[in-house]
2 protein chains.
Amino acid sequence: MMDEERQALVAELVKNAIPGWAIAVVRLNKAVADRLGVAESDVQCLHVLDRLGPATPGALAKQVGLTTGSASRMIDRLVAAGCVRRVADPGDRRRVLIEPTPDGIARVSAAYAGLITRTEQSLAPFDDRALETILEFVRSAHRDTAAELHHLPTPTD
Amino acid sequence: MMDEERQALVAELVKNAIPGWAIAVVRLNKAVADRLGVAESDVQCLHVLDRLGPATPGALAKQVGLTTGSASRMIDRLVAAGCVRRVADPGDRRRVLIEPTPDGIARVSAAYAGLITRTEQSLAPFDDRALETILEFVRSAHRDTAAELHHLPTPTD
DNA sequence: ACGCAGTAGCTGCGCGACGCAGCTAATTTA
DNA sequence: TAAATTAGCTGCGTCGCGCAGCTACTGCGT
């Protein structure tokens, strides 16, 4: 059985602190999309490309949570905005690789430069031991969220 | 000057771990909206109501990042879905208070019950000292994100 | 070698969420 | 009391999205 102190800490984290942060993150994502003049999906797509490198439209559709048709239009917009390029796959002539342009990467990272600076400053008071704890936590939170993504999508209810 | 170990930890956090989590959070938010059969803004609205209690349409519009007109339609949808109620403000007859229904609260928290359980399990290995560190970090990250929202918004701001 | 199912991506169409501008009603101010 | 301000709601155009169907290419089986 958990002691009360610990229970209160966990409850505060999962019921208040983390959800509050998550809500702000979603709002910020929308704000960034509005600021860049693109759809939220487009920003998400650029994030995925920035993290995973070139990918096919089909893979991007899965990552972003769109149908392949909508992903095709999304890529059209990003190409028109000069953020990505369509590159033919020589090995399979059906496939197309979507590749972020330097300008696309620069634009999206510029939008987050302020937040990164703020966060670095907020991390300053923590010692190395604490930073390791935080990193471990963030990674586990990422795993949990990703896992939930694969268990939740049951539209057939 | 920071030692290299510390610099690597901070860089990993702000350039990989946190963005990776944030991307998953945005995807999950969209997945939950799809699952509940409502717009992403609607889910965000329910979150805000859950955390802050009854609010006016204007306040909700600000919190969610919509115009008052779009917020009005959003509330129409949530009323139709049985998630919120419009309650007249007796003190100011122009104003309307939006109040979540028990059913609305229940539905949105049910959608996140799995994630909360997962997260509680992931927090089990951390001792009380580590949990305090994590809580402190999450709160500061929340503050940073919220602050960025007010500095980034519209170019006309 | 040939045909046929499977895969990858793109397009016509309708739906719905959004912003904008304008409206009414109620409150506040001069 | 009249004018200005605030709160919320509605017509209309725009645009992102899913769905279904299409073409092009691959690879499997006979």
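Between B:S72 and A:G37, it is B:S72 whose nearest contact on DNA chain D lies nearer the 5' terminus.
Atom CG in B:D76 sits about 14 Å away from atom C1' in D:dG11, given to the nearest Å. What separates CG of B:D89 from P of C:dA25 is a distance of 19 Å, to the nearest Å. Atom CZ in A:R86 sits about 8 Å away from atom C1' in C:dC10, given to the nearest Å. Between the CG atom of B:L36 and the P atom of C:dG16 there is a distance of 17 Å, given to the nearest Å. Computed from coordinates, the B:R95 CZ to C:dT27 C1' distance equals 12 Å when rounded to whole Å.
Screening residues 51-67 of chain A for side chain to side chain donor-acceptor pair (under 3.5 Å) gives A:T67-A:S70 as the qualifying pairs, with residues at least two apart or on separate chains.
Note that the OG atom of B:S140 and the CG atom of B:L135 stand 10.0 Å from one another [nearest 0.5 Å]. Rounding to the nearest 0.5 Å places CD1 of B:I134 at 11.0 Å from CZ of B:R129. Taken from CD1 in B:I23 to SG in A:C45, the straight-line distance is 10.5 Å, to the nearest 0.5 Å. Going from atom CG of A:N29 over to atom NE2 of A:H47 covers 6.5 Å, rounded to the nearest 0.5 Å.
Of the residues in residues 47-64 of chain B, none has a non-hydrogen atom less than 4.0 angstrom from any atom of DNA chain C.
Scanning both residues, B:I98 and B:L49, for their nearest heavy atoms gives O-CD2, 3.6 Å.
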Where protein sits on nucleotides 17-26 of chain D, one letter per nucleotide: B base, S sugar-phosphate only, - none, heavy atoms under 4.0 Å: SBS----BBS

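When atom types are taken as modelled, the side chain of B:R85 and the backbone of B:L97 share no donor-acceptor pair closer than 3.5 angstrom.
For the pair B:D128/A:E5, a side-chain contact is recorded, criterion being any heavy-atom separation below 4.5 Å from C-beta on.
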